[in-house]
Q: 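One structure coming up, written as C-alpha cells, with questions to follow.
We use all heavy atoms of the structure for the numbers below, so side chains are in, but hydrogens, waters and symmetry mates are not. Just so you know, ligand 1 is whichever comes first in the structure, and atom 1 is the first atom listed for that ligand. The structure displayed is predicted, hence computed values, not measured ones.
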Amino acid sequence: MEDVIALLPDHVANQIAAGEVVQRPASVVKELLENAIDAQATRIQLIIKEAGKQLIQVVDNGLGMSPTDARLAFERHATSKIKQSDDLFALHTKGFRGEALASIAAVAQVEMHTKRSEDELATKIKIGGGEIKKQDLVVAPVGTSMSVSNLFFNVPARRNFLKSNAVELRHIIDEFHRVSIAHPEITFSMLQGGTELFDLPAGNLRRRLTHIFGSKLDDKLVPVEEQTTVSGIRGFVLKPEAAKRSRGMQFFFVNNRFVKSSFLHHAIMTAYDGLLHEGCYPGYFLFFELEPHTIDINIHPTKTEVKFENEQSLFAILRSAVKHSLGMFQVAPTLDFDRDPNLDVSYDQVDHKVEPPKIEVDRDFNPFQEKATHSFSSKISPQWESLYQEIGSTDSAEMSLIGALDSNPSDATQKIFQLMNRYLVSSTGAALLLIDQERAHERVLYELFLSNITHASTSSQQLLFPIKIELNSLQKAFYNDYASLLTEVGFCLGELKEDHVEVVGIPSVCSENKAVRVFEDLFESLSNEQPEDTFSQTDLVAKSMARTLSIKRGKRLETEEQQQLINDLFACKETQLSPYNRQIFVSLTKEELEKKFN
Ligand code: ADP
Ligand code: MG
C-alpha cells in the first residue's frame, strides 16, 4: 500500500489552529487590543460594525513594523516577543505564541497599515483566507491599523454558529472593559456602527472605572492596597451597599492580565461575610502583582484561569486586605488621594435626608379583572373557595395536602395575620399556610407584566415632572434594544439623548420613587445575561421589574393588603414558585400538626 501521510499545507493548518484562538469576534478584539498594547501604544481605537461580524478594526499609535516584519507577522509562530523557552517565565508582554495574526488571517479578510517612526512610508498588506493578496507602500501615520472583515467568511459552519448581534457585542464590550481597565494609562475609544460607545481618556484607575461605569460608582469605591512578599495587591472593592444581585463588576488581574478565579472570589466573599444581603455579590477591581515564575497562566491562548504557587497565603492576604479596607472606609471614608474632587457629592446633598422608600399598594387594583369568572368578589368566603380550587387544580405535591383538608373556608377567612413583617399566616380549618410576602408579590407582579406585554393592555400614569434616567454608553445600547418592551409594560419614554432619557409616564403599579431603580436593576440584569429571543427578553423584563417593585420583607401590611395579596397570588397561573423559582408558601396539615403534639 502507498504511503498516506502528508503534511497539511500552511493555510489549512492555520485554519485549524484558528479554531482555538478565534472563537468569536470578541476573541479577535482581544488579540488585536493586546498586540497594540504590546506595541506600546498610548492611544487605541476600536471600531466595530455589525457586532464584529462585518468589521473589527484596531488603530494604534504604537511602534509599527518594518516592511519585512509586516509580512512575517502573519506567519504561524512568528513573534517578536520571545526568543527561547526561558523567556516564557519572564514575560512582560500579553502575546508570545505568535499565532494570533496567522489564525485571524486564515479565517477573515485582513488589511493592515503599519509604519515605524523611522520609516518614510507605511506598509499596506492585504491578506485573506491565509494568502497574501497585495503589499504596497502607502502614506499613513506612525502605528498600526488592522482591519478584520467578514470573520469566518470561508468557514460557514462557524459563521452560522455566531450568536445575535446583542450577544456578540456584549462579549466584545466585556473584552474591551477587561483590557481598558487593566490599562488606564492608555487612551481608548470604541465605536460600534458609527456610535461612540466609550471614550476613555488616559488617567488613573478610579477615573477609568467611573468613565466606564458612570460617575455614581465613585462614591462606592473603597481602595485596597497591600504589599507582601507573596504578592502586591491594589485596586478597589465596592462598598457592601453597592453589592448587586449579579456578578457584573468582578475583575481580577494578575500581572495586568484579566483572569477568572473562583478561589480568589471565595476569599473576597469571606471578607464581606455578614455585610451582604442574601444573594448579593460584591464588586471588585483588584490587581495582583506576582513573580511570573510563581504562576501558571495563559498556557492556552484563550484561557483566563490561573494557578498560583502560594494559594493558601494568597487567600489569607487577600481576605485580610479586603477586610481591612472595608473596615477603614467606615472610619475614614476619604483617605484616598486619587479621588476626583469634581465627582464628590455637593454640600447641599450631604445633609439631604434620604427618605425610606415607600411601598404604595393600590388596593383596588386587580390585574386579573378581565378574567371575571374566576376573580374574587368582595365577599370574602367565596375567595377562599376559589383559593382551594386553585391550589387543588395545580398539579403538584400540594394536591394531596389540599385534598386532606377538612376545611371550612368561611370560618378561616378572618384569620390572616402577618408574622415577623415577612410571612402571611392563614389557617384553613385543618391546615396552616405560611406565605412569603415578597415572593408572593413577585409572582403577582411578574404575571401582571407578562400579561401587559402580551395583551398590550397597560395602564400608565403621566408624570407632572419627567424623571431623568442617566445612561452610560453600554446602558444606551441596552436601552435601544429594550425601549419597546418598556413601553409595553407602561413606561412612556422621551427621546434618547446624549447621556440620558426622560421618563414621562410610568406603569400604574410603579411608584415614582421606584422608577429609577427599575431601570438600574434592569440594566444590572442585562449586564449579567443577554437573552437571545423575544420570549426570554420579555421574561427578563417582567422578572426584573417584579423583583424591583415587589413588597419587600420587613414591610408591615394592613389587613386589607394581606387579603389582597393572598387573593392576587391565588389568582395567578402558578402559585407555588416565585419567578425566580423559590417556594412561595409552606403548609402544615392537620396530620403534621398532630404528629408534633404526640
Ligand atoms: P504574538 O502577539 O503572540 O507575538 P501575533 O500573531 O499576535 O503574535 O503577532 C505577531 C507579531 O506581529 C508580534 O510579535 C509583533 O511583533 C507584530 N505585531 C502584531 N500586531 C502589532 C501591532 N499592532 N503593532 C506592532 N507590531 C505588531
Ligand atoms: Mg498577539
Q: Number the atoms of ligand 1 from 1 as they appear, then name those within less than 4.0 Å of a heavy atom of Ala100, with their elements.
A: 6 (O), 7 (O)

Q: Tell me which protein heavy atom sits closest to atom 3 (O) of ligand 1, plus the residue, atom name and distance to 0.1 Å.
A: Gly98 N, 2.7 Å

Q: Do Asp119 and Ser66 have a side chain donor and acceptor closer than 3.5 Å?
A: no

Q: Which residue pairs pass the ring-ring contact (aromatic ring centres under 6.0 Å, His included) test when at least one of the two sits in residues 187-218, sequence neighbours left out?
A: Phe176-Phe188, Phe176-Phe198, His177-Phe198, His177-Phe213, Phe213-Phe285

Q: When you measure from atom 2 (O) of ligand 1 to every protein heavy atom, which one gives the shortest distance, and what is it?
A: Lys81 NZ, 2.7 Å

Q: What residue and heavy atom of the protein are closest to atom 6 (O) of ligand 1, and at what distance?
A: Leu101 N, 2.9 Å

Q: Quick check: are there more than 12 heavy atoms from other residues, nucleotides or ligands sitting under 6.0 Å from OH of Tyr580?
A: yes

Q: Are a donor atom and an acceptor atom from the side chains of His500 and Glu502 found within less than 3.5 Å of each other?
A: no

Q: Does the side chain of Ser145 come under 3.5 Å of the side chain of Gln57 through a donor N or O and an acceptor N or O?
A: yes

Q: Under 4.0 angstrom from ligand 1, any heavy atom of Asp60?
A: yes

Q: Starting from atom 4 (O) of ligand 1, locate the nearest protein heavy atom and write down its residue, its atom name and how far away it is, to 0.1 Å.
A: Thr79 OG1, 2.6 Å

Q: Could you give me the CA-CA distance, side-chain angles and deciding distance for Phe523 and Tyr479, then say whether ring pair (Phe, Tyr, Trp, His ring centres under 6.0 Å) is met?
A: CA-CA 8 Å; Phe523 291 142; Tyr479 177 83; 7.3 Å; no

Q: For atom 10 (C) of ligand 1, grab the closest protein heavy atom and report residue, atom and distance to one decimal in Å.
A: Ala78 O, 3.3 Å

Q: Atom 24 (N) of ligand 1: which of Ile37, Asn35, Thr144 has the nearest heavy atom?
A: Thr144

Q: Can you tell me which residue and heavy atom of the protein come closest to atom 25 (C) of ligand 1, and the distance to 0.1 Å?
A: Ala39 CB, 3.5 Å

Q: Judged by atom type as modelled, is there a donor-acceptor pair below 3.5 Å linking the side chain of Thr114 to the main-chain atoms of Met65?
A: yes

Q: Between Arg24 and Glu175 (salt bridge meaning N to carboxylate O under 4.0 Å), is one present in this structure?
A: no

Q: Do me a favour and list the nearest non-hydrogen protein atom to atom 16 (O) of ligand 1 with residue, atom name and distance?
A: Ser80 OG, 2.5 Å

Q: For Ala106 and Asn154, work out which heavy atoms get closest and say how close.
A: O-ND2, 3.0 Å

Q: Restricting to under 2.8 Å, identify the protein N, O or S atoms around the Mg ion (ligand 2) as residue plus atom.
A: Asn35 OD1

Q: Atoms of ligand 1 less than 4.0 Å from Ala73 heavy atoms?
A: 10 (C), 12 (O)

Q: Is there a donor-acceptor pair closer than 3.5 Å between any side-chain N or O of Arg319 and the backbone N or O of Leu314?
A: no

Q: Is there side-chain contact between Leu486 and Leu522, with at least one heavy-atom pair below 4.5 Å?
A: yes

Q: Using non-hydrogen atoms of the residue, decide whether Met65 is closer than 4.0 angstrom to ligand 1.
A: yes

Q: Is ligand 1 under 4.0 Å from a heavy atom in the side chain of Glu99, in the backbone, in both, or in neither?
A: backbone

Q: State, with a plain yes or no, whether a side-chain heavy atom of Phe478 is found less than 4.5 Å away from one of Arg170.
A: yes

